[in-house]
Trainee: 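This structure is in structure tokens; I'll ask about it shortly.
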Amino acid sequence: MTLHTLTITRAHDLLKAKTISSVELTQAVLDHIARMEPQVRAYLTVTPEHALAQAQAADTAIARGEVSPLTGIPLAIKDVICTHGIRTTCGSKILGNFVPPYDAFVMQQLNKMGAVMVGKLNMDEFAMGSTTEHSAFHPTSNPWNLAHIPGGSSGGSAAAVSADMCLAALGSDTGGSIRQPASHCGVVGLKPTYGRVSRFGLVAFASSLDQIGPLGKTVADCALLLQAVAGHDRADATCAPHSVPDYSVALGQTVKGLKIGIPQAHFESPGLDPKVADTVMRAVKVLEELGARTVAVELPHTQYGVAAYYVIAPCEASSNLARYDGVKYGLRDSAADQLLDMYHNTRSEGFGAEVQRRVLIGTYALSAGYYDAYYRKASQVRTLIMRDFQEAFAQCDLIASPVTPTPAPAIGAHSNDPLAMYMSDVYTLPANLAGIPGISVPCGLSADGLPIGLQLMASHFQEEKLLTVAHHFEQATEFHKARPPL
Ligand code: GLN
């Protein structure tokens with residue numbers, strides 16, 4: 001049996017029946033990482049000793065009859081999530097030697113459930129980017145075509161799941177960083193409602209937009225992982241006190257009678273690849289065959305989403321990243337003998353070009369005299385986008401759209417054109433600005449054999465509807481069974 005190809009659901013059944021052990025399963029995943037990593041480069045840190053010790057502990061727990069759905073399951077974690085005693089770099093030189101003295105809330109939850117962590121995954125530096133080329137360490141390749149990007153910023157997470165280098169992963173999504181790489185790598189990715197999952201221990205990029213969520217081989221696996229990490233945490237004041245439903249129940253609900261909103265403008269924008277539009281529209285037809293009804297909805301202000309996001313996110317980033325000053329932790333330039341030189345050298349050396357660009361834009365847009373023109377205006381646009389969704393969800397249960405305008409571009413295609421990269425976030429950013437949940441589920445392949453995703457969005461705390469519809473779509477189609485040619 002090729003254990004590393006298992007889904008969480010299947011591996012759990014085999015572990016529970018004691019057909020396999022977690023040590024065997026974990027070793028199989030570690031062996032597969034060793035085979036694939038030279039080509040895919042999804043990981044920043046692989047933690048074999050840690051993983052095998054956790055697997056051993058899981059086997060002991062299973063022998064005692066203590067089996068949670070994640071006990072003994074090998075997972076991997078985006079390197080933006082703090083792991084006690086294990087280096088957490090955020091894809092940045094400035095945190096290149098940072099070993100957190102605590103676990104993020106989501107790690108505390110996974111550890112309680114007896115999950116196994118095999119390593120930390122590559123990402124664009126501080127989660128700023130859409131390609132994983134902006135990692136300070138190395139780019140990650142798309143397992144479907146190594147010359148192409150896996151998407152970003154959770155590109156390591158999506159590539160690792162797609163290439164069976166972990167059973168599932170956690171990523172973070174500030175403007176699309178879970179859904180977009182999931183779409184490019186042919187896996188499922190879910191961004192929860194803002195506040196559904198604690199951000200305690202998630203290194204902050206743009207605090208009003210950041211959210212942790214699962215990437216998995218199936219919708220059911222994402223439901224399990226969301227179940228494990230969702231819920232109230234007093235350590236994060238923006239984490240919602242709402243009780244967490246049983247997401248596995250949602251998988252059994254019917255699609256019949258649900259109304260799917262179609263924002264026509266999202267299928268007609270100039271940069272949209274006609275093959276992507278056509279593939280996503282065909283996916284919508286499948287939803288109709290499953291009993292959903294479609295209705296036209298308008299999201300008139302989402303066209304300003306890119307402009308608003310690329311003011312708000314850099315503003316918050318410039319403020320959040322002020323803490324990396326060489327004093328408290330992380331990199332410090334030791335050559336300078338003046339304080340200001342030390343700040344200057346540490347930040348010039350420690351931050352890459354994309355992060356410096358965001359800090360400059362954010363600092364400028366927040367400065368006296370420009371605050372009203374940029375930050376306040378962008379915040380007003382954000383409110384209009386939220387209202388668009390409120391009005392749309394008065395007429396429908398879910399909204400369907402493409403995830404990205406094109407399949408994964410070649411590595412280097414956007415390297416001299418940050419604006420082109422920013423524009424590729426046009427369909428994912430609005431959900432973050434509005435705080436609503438969204439999912440990407442595989443729905444086809446391009447002519448060149450690169451995956452295409454269908455995005456579904458729902459109103460706040462309606463993750464169940466996303467899971468219901470995405471699960472039925474997956475069960476009715478074969479796309480999730482397609483594997484990268486590697
Ligand atoms: N691509 C977007 C950006 O560069 C979103 C990143 C994210 O979701 N972390 O900011």
Side-chain angles (χ1 to χ4, degrees), residues 173 176 178-179 182-183 188-197 211 213-214 218-220 222-223 226-227 230 240 242-267 279-302 305 385-403 427-443 453-477:
D173 192 313
I178 290 175
R179 290 159 288 157
S183 171
V188 183
L190 189 156
K191 176 202 107 64
T193 305
Y194 184 77
R196 177 72 292 183
V197 178
Q211 198 56 199
T218 62
V219 176
C222 285
L226 178 63
Q227 193 83 52
H242 304 45
S243 63
V244 182
D246 181 347
Y247 291 119
S248 66
V249 172
L251 303 178
Q253 302 293 321
T254 177
V255 174
K256 286 203 178 61
L258 286 178
K259 279 198 240 163
I260 315 271
I262 308 295
Q264 203 51 45
H266 284 210
F267 289 86
T279 306
V280 174
M281 262 311 176
R282 262 190 278 150
V284 171
K285 292 271 172 301
V286 173
L287 299 181
E288 287 179 328
E289 284 158 24
L290 289 169
R293 284 203 290 133
T294 52
V295 292
V297 293
E298 307 256 342
L299 297 170
H301 299 96
T302 51
I385 291 174
M386 283 179 194
R387 285 193 197 143
D388 279 1
F389 279 110
Q390 255 165 23
E391 281 164 29
F393 286 124
Q395 304 160 54
C396 64
D397 297 285
L398 297 168
I399 292 174
S401 92
V403 182
Y427 300 122
T428 49
L429 300 175
N432 300 76
L433 290 168
I436 59 172
I439 194 168
S440 170
V441 46
C443 74
L454 160 71
Q455 175 172 229
L456 297 167
M457 292 172 278
S459 194
H460 299 94
F461 299 100
Q462 301 290 309
E463 281 82 0
E464 292 156 283
K465 283 185 189 162
L466 296 180
L467 293 168
T468 300
V469 175
H471 177 70
H472 284 277
F473 176 78
E474 181 185 83
Q475 296 306 304
T477 57

Trainee: Checking the side chain of R179 only, and the main-chain atoms of T428 only, is there a donor and an acceptor separated by less than 3.5 Å?
Mentor: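 Yes: the side chain of R179 pairs with the backbone of T428.
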
Trainee: Donor-acceptor check, side chain of H472 to backbone of G252, threshold 3.5 angstrom: yes or no?
Mentor: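 Not a single qualifying donor-acceptor pair exists.
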
Trainee: Any side-chain donor paired with an acceptor under 3.5 Å for Q455 and S440?
Mentor: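 Looking only at side-chain atoms, S440 and Q455 do not form any donor-acceptor pair under 3.5 Å.
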
Trainee: Is it true that the side chains of Q211 and R196 contain a donor and an acceptor less than 3.5 Å apart?
Mentor: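 No, no side-chain donor-acceptor pair sits under 3.5 Å.
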
Trainee: Can you check whether L226 reaches P192 side chain to side chain, under 4.5 Å on heavy atoms?
Mentor: yes

Trainee: Rounded at 0.5 Å granularity, tell me how far CD in Q390 sits from CD1 in I385.
Mentor: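 The CD atom of Q390 sits 13.0 Å away from the CD1 atom of I385.
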
Trainee: Looking only at non-hydrogen atoms, find the nearest pair between C222 and P214 and report the distance.
Mentor: O-CG, 3.5 Å

Trainee: CG of L299 to CZ of R387: how many Å apart, nearest 0.5 Å?
Mentor: 15.0 Å

Trainee: Looking at F267 and S401, what are the two nearest heavy atoms and their distance?
Mentor: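 Minimum heavy-atom separation between F267 and S401: CZ-CA, 3.8 Å.
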
Trainee: Using only atom types and a distance under 3.5 Å, with no angle test, would you say the side chain of H460 pairs donor to acceptor with the backbone of A434?
Mentor: yes

Trainee: Quick check: does any side chain N or O of Q227 sit under 3.5 Å from a backbone N or O of Y247, one acting as donor and the other as acceptor?
Mentor: yes

Trainee: Thinking salt bridges, do D397 and K465 make one under a 4.0 Å N-O criterion?
Mentor: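 Result for this pair is yes, salt bridge flagged.
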
Trainee: Begin with the C-alpha distance, continue with both residues' side-chain angles, and end with the deciding distance and a verdict on side-chain contact (heavy atoms from CB on, under 4.5 Å) for V219 and L190.
Mentor: CA-CA 9 Å; V219 176; L190 189 156; over 6 Å; no

Trainee: Would C443 and F473 satisfy side-chain contact (heavy atoms from CB on, under 4.5 Å), going step by step from the backbone distance to the final call?
Mentor: CA-CA 9 Å; C443 74; F473 176 78; 3.7 Å; yes

Trainee: Is any side-chain heavy atom of M457 closer than 4.5 Å to a side-chain heavy atom of I439?
Mentor: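 No, side chains not in contact.
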
Trainee: Decide yes or no for V295 and I262: does some side-chain heavy atom of the first lie under 4.5 Å from some side-chain heavy atom of the second?
Mentor: no

Trainee: Can you tell if the side chain of T294 reaches within under 4.5 Å of the side chain of E288, non-hydrogen atoms only?
Mentor: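 Side-chain contact under 4.5 Å: yes.
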
Trainee: Write down the atom of T218, the atom of V188, and the distance for their closest heavy-atom approach.
Mentor: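 Closest approach of T218 to V188, heavy atoms only: C-CG2, 3.8 Å.
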
Trainee: Please tell me if the side chains of L398 and C396 come closer than 4.5 Å, counting only heavy atoms from C-beta onward.
Mentor: no

Trainee: Closest heavy-atom contact between L429 and G305?
Mentor: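 Between these two residues, the closest heavy atoms are CD1-O, 4.0 Å.
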
Trainee: Nearest 0.5 Å, what's the NZ-CD distance between K285 and E289?
Mentor: 9.0 Å

Trainee: If you define the side chain from C-beta out and look only at heavy atoms, does anything of V469 sit under 4.5 Å from L258?
Mentor: yes

Trainee: For H266, check ring-ring contact (aromatic ring centres under 6.0 Å, His included) against everything at least two apart and list the hits.
Mentor: Y427

Trainee: Determine the minimum heavy-atom distance between L467 and A250, stating which atoms define it.
Mentor: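 Heavy-atom minimum between the residues: CB-CB, 4.3 Å.
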
Trainee: Please round to the nearest 0.5 Å and tell me the distance separating atom NE2 of H301 and atom CG of L433.
Mentor: 13.0 Å

Trainee: Give the C-alpha distance, both sets of side-chain angles, the deciding distance and a yes or no for side-chain contact (heavy atoms from CB on, under 4.5 Å) between F393 and I436.
Mentor: CA-CA 11 Å; F393 286 124; I436 59 172; 4.0 Å; yes

Trainee: Counting C-beta onward and ignoring hydrogens, is there a side-chain heavy-atom pair between S459 and F389 closer than 4.5 Å?
Mentor: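 S459 does not reach F389 side chain to side chain.
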
Trainee: Taking the side chain as every heavy atom from C-beta outward, state whether L456 and L287 have any pair of such atoms under 4.5 Å apart.
Mentor: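 Answer yes - side chains close enough.
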
Trainee: Can you check whether D173's main-chain N or O pairs, donor with acceptor, with N432's side chain at less than 3.5 Å?
Mentor: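 Checked: pair present.
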
Trainee: Does E298 CD have over 12 foreign heavy atoms under 6.0 Å away?
Mentor: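 No, CD of E298 has 12 or fewer neighbouring heavy atoms, counting only those of other groups under 6.0 Å.
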
Trainee: Consider only side-chain N and O atoms of E463 and T193, and report whether a donor and an acceptor are under 3.5 Å apart.
Mentor: yes

Trainee: Looking only at non-hydrogen atoms, find the nearest pair between A292 and V255 and report the distance.
Mentor: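 Shortest heavy-atom separation between A292 and V255 comes out as CB-CG1, 3.8 Å.
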
